[in-house]
Protein chains: 2
Amino acid sequence: MKTITIYDIAEEANVSVSTVSRVLNDTAPVKASTREKILKAIEKHQFQPNALARSLLKKETGTIAMILPDITNPFFPEVFWGAENVARSKGYTFFLCNTAGDYSRESEYLSILREKRVDGIIFLGGRINLSNCPPELSQEVIEMAMRVPIVLVNGNLPKSGLHRIYTDEAEGATIATQHLIDLGHRDIGFIGGLDYTSTTLVKVKAIKKKLKEYGIDLKKEWIQSGEFSVQGGRDLMNKMLNQVRRPSAVLCVNDFTAIGAIKAAFEHGLRIPEDISIVGFDDSPLSTAVIPELTTISQNTNQLGELAVEMLDQIINGNNPKKQIVLKPYLVMRQSTGPFKKI
Amino acid sequence: MKTITIYDIAEEANVSVSTVSRVLNDTAPVKASTREKILKAIEKHQFQPNALARSLLKKETGTIAMILPDITNPFFPEVFWGAENVARSKGYTFFLCNTAGDYSRESEYLSILREKRVDGIIFLGGRINLSNCPPELSQEVIEMAMRVPIVLVNGNLPKSGLHRIYTDEAEGATIATQHLIDLGHRDIGFIGGLDYTSTTLVKVKAIKKKLKEYGIDLKKEWIQSGEFSVQGGRDLMNKMLNQVRRPSAVLCVNDFTAIGAIKAAFEHGLRIPEDISIVGFDDSPLSTAVIPELTTISQNTNQLGELAVEMLDQIINGNNPKKQIVLKPYLVMRQSTGPFKKI
DNA sequence: TTGAAAGCGCTAACAG
DNA sequence: CTGTTAGCGCTTTCAA
């Protein structure tokens, strides 16, 4: 099937291609009768202009990309959902690049996206969540950002000066800790997260600080780092509970690990929250899917995506948005935390 | 920053653009020394060819799209994960189009994707999951498929002759029913799913058939249709349990509703599986996140995505793959089902 | 209000 | 092995 072009339409309507282009883009007045003829020809052939040709000329593609580590982790679809909604309203289509946390895949995608001339990139997880990102990896993104607008979500590249938007995770951890303290807990543990990711370190630090205010120590044996997954949380919680002294409450790096922790607690015959309190982080849909429902820290996941696109769009349009947006997390109290009781 | 082109490289290296193109694509032998010069120039300027220009010429973009209703439903990220993996290995990048189940958004995306000249489209949910798809909606997809390869996943458009790949949901429902029967259950109910979606109807039909083999009737009051969500499952299960006669086991349209059902059962003071058995569908990651872990039907979600891309790639390359691939689901026994006990 | 023509950046004959 | 050249399909001056 011969693909039909603007020339075919022009011929059919007895006009020049420029006129066709004009009605296509409504870019200059066209006599009503000619417009009719053209529209008719377009309709007849089901003509759709070739966006590639247009983009080549206009140097914009109406396409943005989201690079993220794991679309299977419910946190990311939530961000995507928000992002996609506002992107669509602004006329962008989304590339989704799943990297499985593999830095070389991030690089690969970065390169492909530049070739495809995306208008902008939203970057989540992976290298930007490293507490100590190797200079080459960091440099690559920074150089990229000189050519195509980039927004970092919930991450950072030191001294990069890149635009970013993130949840104040320290604040979130602080709130969660305060919540447990208010409930009377003093023996508090922390579970999950790779100990070289900033998302983990930031939280641990904030928890320590808050506890110190109350003269409480975060015991080393009660900090367990590992996978971000359900199974990870379970394993870590098992380690935690196999110790002679157990905490009466546990903060988790995300909802996944919190759920793992709940499972482990059950397996140890503990009741939640009567015997042990557990707090998640993210307020992903998961948190209401478990029993007991998870007390967790919400980070406005949809909004994170929405604002990221908003910001990206600003950069693309040459406005100079603020370099940083910080979102305040808040506590969502549900069923997995309760007052401390001496066992 | 002037974007640099193949011409700049040619000039810098004192060769013609065709030679540059040759080393870029390795499409013809080039003297080692010239290649060096060119490579050096490319490196120096960080040159990356413009994929738009190339695509315009070659009539292929290395881009495919996935249209789906709700990336927030964990079933879809699983499919995407599988799809993305093989797509990447074949050199495709993915557009992700979230439609929120809105048919007009599907149409909108269909149109945009054609303008952007994607090489192919994978379509899930929405209109292709309607037991009775309006002709206009159906026709639109069929016409689209004449211009760009389309693969339908877990859905169908009657008489369209479109390529498709799907799980044998009837088989899945049959297996699940058999499982309950084998456990001694006779009072079996069904929960969830909009009653105009084929995914719901197919299951109900299969369940009825299997039950009939054992001379059992699927009572009308024990078929509850509604949302596909956790909350939906919960509401429906509540209705179910508020009746004078309750089933001893319930089959659910997906894992979401199954989890809702579990919650409702708990709220009614029932133990699972001692007092009531519950079976999910999909074997999404959720199913091991709940307590008790869900007995469910696995539909090889990753593989669904992988094969969809495989098939799409075949069509794109003009091979003529089989029109249909059917995946066999299987039972994953976990903790939410148990032998029937007279209460 | 309309048309002619010059590109956008790249690939692929066709010559040499 | 390398260069010339004609487009791919569209937008946009510049003239008319």
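It should be emphasised that the depicted structure is a prediction, and the values quoted were computed from it without experimental measurement. Within every chain, numbering begins at 1; the chains are lettered A, B, ... in the order of the sequence lines, protein sequences first and strands thereafter. Atoms considered below: every heavy atom in the structure, side chains included; atoms not considered: hydrogens, waters and symmetry mates.
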Separation of atom CD1 in A/Ile6 from atom C1' in D/dT12, rounded to whole Å: 12 Å
Nearest to side-chain heavy atoms of B/Thr5, which nucleotide of C/dC10, C/dA12, D/dG3: C/dC10
Proximal nucleotide (of D/dT11, C/dT2, C/dG9) relative to the A/Val17 side chain: D/dT11
Pair A/Tyr109 + A/Phe95: ring centers closer than 6.0 Å: no
B/Ser21 side chain, from C-beta outward: closest of C/dG3, C/dT11, C/dC10: C/dT11
For atom CG of B/Asp26 and atom P of C/dA12, their distance in whole Å: 13 Å
C/dT11 OP1/OP2 closer than 4.0 Å to side-chain N/O of B/Asn25: yes
Whole-Å gap separating C1' (C/dT1) and CD (A/Glu36): 16 Å
Phosphate contact (C/dG9 OP1 or OP2) by A/Lys59 side-chain N/O below 4.0 Å: yes
B/Val30 side chain, from C-beta outward: closest of C/dT11, D/dT2, D/dC8: D/dT2
Minimum-distance nucleotide to A/Thr27 side chain [options: C/dG9, C/dT1, D/dT12]: D/dT12
Nearest-Å distance for atom pair CG/P, residues A/Leu52 and C/dC8: 18 Å
Test item: A/Asp8 side-chain N/O and A/Thr5 main-chain N/O as donor-acceptor pair under 3.5 Å: yes
Earlier contact from the 5' end, DNA chain D, for B/Asn14 and A/Lys58: B/Asn14
Atom-pair distance (OH on B/Tyr7; C1' on D/dT5), nearest Å: 9 Å
Contact under 4.0 Å: A/Ser18 side-chain N or O vs C/dG3 OP1/OP2: no
Nucleotide of C/dT11, D/dG9, C/dG3 approaching A/Thr3 most closely (side-chain heavy atoms): D/dG9
Per B/Arg22 side chain, nearest of listed nucleotides D/dC10, C/dC14, C/dC8: C/dC14
Whole-Å gap separating P (C/dG9) and CZ (A/Arg54): 17 Å
Distance, rounded to the nearest Å, where A/Asn50 contributes CG and C/dG9 contributes P: 16 Å
Phosphate OP1/OP2 of D/dG3: any B/Ser16 side-chain N/O under 4.0 Å: yes
Donor + acceptor pair across side chains of B/Asn154, B/Gln299 (<3.5 Å): yes
B/Tyr166 and B/Gln324 side chains, donor-acceptor separation under 3.5 Å: yes
d(CG, B/Leu56; P, C/dC8) in whole Å: 14 Å
